[in-house]
Each structure stands twice: as C-alpha cells, then as structure tokens.
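This report concerns only the one structure given below.
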Amino acid sequence: MGLLGFQGDVSEHKTALLKASKNRGMNITVREIRKDSDMNNISGLIIPGGESTTIYNLINSYGLYARIKNEGMNGLPIWGTCAGLIIISKNTGDDRVIGMDLLDVEVERNAYGRQINSFISELDISGIGKFEGVFIRAPVISHVGDVEVMAYYNEKPVMVRHMNYIGTTFHPELTDDTRIHELFLDLVEREGYTSTGNNKGDN
Ligand code: GLN
C-alpha cells in the first residue's frame, strides 16, 4: 500500500491503515512514496492532507505527477483526503495547483472562511452511517460531475467516490474510527491492481 510521504498527516494515515487492516484480518505493508520507483508494486495510494500547493510542487519536483495520474487511469485505487482530494480533482480553482482530473469534481480551496476554517461536525455517510468529520482549512466541493456523493455537510458534498477513486474533504485519519480506511481497503481488494513500473507517464 502506498502513502504519498512528502508532507502532511502521513503518520496518522499510516497508523489508521495498519489498524484498519488488522480489523479486516488483512496483512498489509505501508510504503511512503517519494520517488518513482516507490510507485512500483503498490495496490493503492493515499494522498494525505497538508498544503496542496506544497504537495503539488513536490509531486512535480520528484517527477511523480504523470506516474500517479497514469496509474490512477489504469485502475490504481487512490484516496485523496483534503489537500489530496484537491490534487486529484478536475479543477482546483487555483493556478498553482493543476488537478489531475481523476475525480470529476471542482473544488474551491479554503472556502469555509476564516472563522470556521477548522471544525468538527457529525456526518452521515451512505453505507457507513454516523462519522465524526474533522475539517481543517478544508476545500469546498463546488461542483460534481460523474461521481457518487456519499456525504454532505451544509448541503455541500464532502465525500465522493467514482470507480477506483475516493475523495474526502475531511480527515478520518485524525479520529480513531477506521471505517473509511477499511472502505478503501475493500476497494483495493476489489480492484486487485498492482502497479508494475512500466507506467512512467509516456503512454
Ligand atoms: N487548505 C489546504 C489546501 O488548500 C488543505 C488543508 C488540508 O489538507 N487539511 O491545500
């Protein structure tokens, strides 16, 4: 299992993934991804929250942009949380971050405004139920295309999925609740994808 390891809440995701896999009786290893060869032989990828401009610049400096995008288009399960969702979205509304256009959503960065830029709210997620949503300078999903919306906050989508992609504007890794990590592991199991290393962005 891959976890983009440049910046943000990487260790929290790692802990949650290992706990989720234990709950599911699965045995996974989590590899922090920082260079192209780290992308070989992974079955899923989490892009964590953090600062999307920084993570985006690092993805580009280390030559990973086309690789991640191509693996996604070939079926690699990818879950973007917060900044990670911004990066895999179709349109970020910000010239400094060009979305990978994997998940058909448009986002607006830091759109909750200064007063409530971080908050916790109980969400009702389809197929999962009540879940504590931790929002930290979260983006708003301002437009959805061909995706399933799994949860809303104030009538705005906060969790979406489509094919091998999941996006959340909140941070399940900052709670003790591993159900969304387990959902991602289910997706990984179902897709049964393993990256080969022959997909460096030139096809
Ligand atoms: N505000 C951040 C951004 O736009 C995202 C915040 C987060 O990932 N918690 O990049």
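Side-chain atoms are counted along with the backbone in the values below, which use heavy atoms only and exclude waters and symmetry mates. Counting starts at 1 for both ligands and their atoms, in listed order.
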Winner among Pro48, Ser52, Cys82 once heavy atoms are compared against atom 10 (O) of ligand 1:
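Nearest option to atom 10 (O) of ligand 1, by heavy atoms: Ser52.
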Using the ring-ring contact (aromatic ring centres under 6.0 Å, His included) rule, take Phe119 and Tyr153 through it: C-alpha gap first, then chi angles, then the decisive distance, then the call.
CA-CA 11 Å; Phe119 57 96; Tyr153 169 75; 4.9 Å; yes
I need the nearest protein heavy-atom contact for [atom]: residue, atom name and distance, please.
| atom | value |
| --- | --- |
| atom 2 (C) of ligand 1 | Gly50 O, 3.5 Å |
| atom 4 (O) of ligand 1 | Arg109 NE, 2.7 Å |
| atom 1 (N) of ligand 1 | Asn110 OD1, 2.6 Å |

Residue Gly49 vicinity, atoms of ligand 1 by number, heavy atom under 4.0 Å
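Matching atoms, with element in brackets: 8 (O).
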Run the salt-bridge test on Asp101 and Lys69 with the 4.0 Å N-O cut-off and return the result as yes or no.
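Salt bridge flag = no for Lys69 with Asp101.
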Around atom NZ of Lys19, are there more than 12 heavy atoms from other residues, nucleotides or ligands closer than 6.0 Å?
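Yes - once you tally the heavy atoms of other residues, nucleotides and ligands closer than 6.0 Å, there are more than 12.
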Is there a path from Phe6 to Ile136 through hydrophobic residues (I, L, V, M, F, W, Y) whose side chains come within less than 4.5 Å of each other?
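Looking at the clustering, Ile136 is in a separate group from Phe6.
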Has ligand 1 got any nitrogen or oxygen that is less than 3.5 angstrom from a nitrogen or oxygen of [X]?
| X | result |
| --- | --- |
| Ile136 | yes |
| Thr81 | no |
| Ala83 | yes |

Over 60° means perpendicular and under 30° means parallel, so classify the ring planes of His13 and Trp79, tilted if in between.
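Trp79 and His13: perpendicular rings.
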With no hydrogens and no angle check, just 3.5 Å: does a side-chain donor-acceptor pair link Arg109 and Ser52?
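Short answer, yes.
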